[in-house]
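The figures here come from the full heavy-atom set of this structure, side chains too, leaving out hydrogens, waters and symmetry mates. Since we're looking at a predicted model, the values are computed, not measured. In what follows, chains are A, B, ... by sequence order, proteins preceding strands, each numbered from 1.
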2 protein chains.
Amino acid sequence: MDTRSEAEIRADLNYLFDKASQVLTSRTAAALAAVGITPRGYCVLAKAQPGTLTQGELAELALLDKTTMVVTIDQLEAAGLARRQPSPTDRRVRIVQTTEAGDQVVAQARKIMDEVYAEVLGGLPDGERNSLLDALVRLVGPAGPLHAAPPVASARRRPSRPVRS
Amino acid sequence: MDTRSEAEIRADLNYLFDKASQVLTSRTAAALAAVGITPRGYCVLAKAQPGTLTQGELAELALLDKTTMVVTIDQLEAAGLARRQPSPTDRRVRIVQTTEAGDQVVAQARKIMDEVYAEVLGGLPDGERNSLLDALVRLVGPAGPLHAAPPVASARRRPSRPVRS
DNA sequence: TATTGTTATACTCTATAACTATA
DNA sequence: TATAGTTATAGAGTATAACAATA
């Protein structure tokens, strides 16, 4: 049972976002497992559908680090949902394309996500639901106060041992 | 630069919550470092101020696992901000109390958090800011669709090797 | 037997640094 | 020199399982 007053809960924006993110992620992960994809995999795969974006561009779109993107594409490729295509003009870059299976999974996943979102947001009054989404987009979107943000040069990690591959 | 349409961004609720949580957490962590406490530590320490709650009750309040609470209280205790007091009526439980230093840190931290929240939410129109908070409280609060939620019995970990302490 | 707190450990996500191959 | 992608690894956050003390 939650014994805190609503005023106290309201004051804790960080807590609200953390829990919302955490619970929604675990819920979407459970729902998407039915079609064999993770929330992050779906997020990336759906954005790759144009078939023209490089890994770096996808990373920027999804606000993921390039190293996270490598792992994500590895998984999607192993599952047969995406493939890396060497760029004809720059042999360093890889264009990410969805496979037919990948497109099917995206379509199924999109439905699943729509259902989950409808369940989650269904209880809110229309006006509040729209305000919530507007506010989130404003906060997180480009130029918003929560867009990316490694501003404070905080504690550096200690250097790792040299790589001996 | 974010080249997605606003409609596409709006459709991705999970993404919005993830990024909001992630960026706000890193921002509050940087701000709170000035008074030597983490966002989670502050969250727990502030809730412990009544001085009557057990670790388990605190864990429930903060929606943290009891094992996470052990680690958190360990840190707060090591920093001299909280102490574990054995319950006079049940020798299994530990009452968590804040120290004087802890109360001071909470007061300072509260100011810092208020400032960060004001910066983050300041750009939103009044109505939208209120709707955002109302909606979040409704979603995450007790009885909300995002309150706790390990409903789907998903993949179990493999058992760990027996503990030999 | 059940519960509180603890320890050990596992898993996920994210990020830093060094590295390879190109440009 | 600089950039795209890769590998190895660090670190935070969270959670499961086994355990000890107590109820």
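Applying the 3.5 Å distance criterion, the base of dT3(D) shares a donor-acceptor pair with the side chain of Arg92(A). For Thr67(A) against dT16(C), a side-chain-to-base donor-acceptor contact under 3.5 Å is present.
For the atom pair Gln97(A) CD and Gln85(A) CD, the distance stands at 4.5 Å (nearest 0.5 Å).
When distances are taken from the side chain of Val70(B) to each of dG5(D), dT22(D), dT7(C), the shortest belongs to dT7(C). Residue Leu64(B) places its side chain closer to dT14(D) than to any other of dA23(C), dT14(D), dT6(D). Nearest to the side chain of Gln22(B), among dG5(C), dA15(C), dT22(D), sits dA15(C). With dT7(C), dT14(C), dA15(D) as the candidates, the nucleotide lying closest to the side chain of Thr68(B) is dA15(D). For Val93(A), counting side-chain heavy atoms from C-beta on, the closest listed nucleotide (dG13(D), dA23(C), dG5(D)) is dG5(D).
Under 4.0 angstrom from either OP1 or OP2 of dT3(D) there lies no side-chain N or O belonging to Arg94(A).
The pair Arg129(A)-Asp134(A) does not meet the salt-bridge criterion, since no charged nitrogen lies less than 4.0 angstrom from a carboxylate oxygen.
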Glu77(A)/Arg83(A) under salt bridge (Lys or Arg N to Asp or Glu O under 4.0 Å): CA gap, chis, key distance, verdict: CA-CA 5 Å; Glu77(A) 209 167 30; Arg83(A) 55 175 168 255; over 6 Å; no

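If you find the closest nucleotide of DNA chain C to Lys66(B) and to Lys19(B), the one lying nearer the 5' end belongs to Lys66(B).
Remark: the backbone N or O of Thr25(B) is paired with a side-chain donor or acceptor of Thr28(B) at under 3.5 angstrom.
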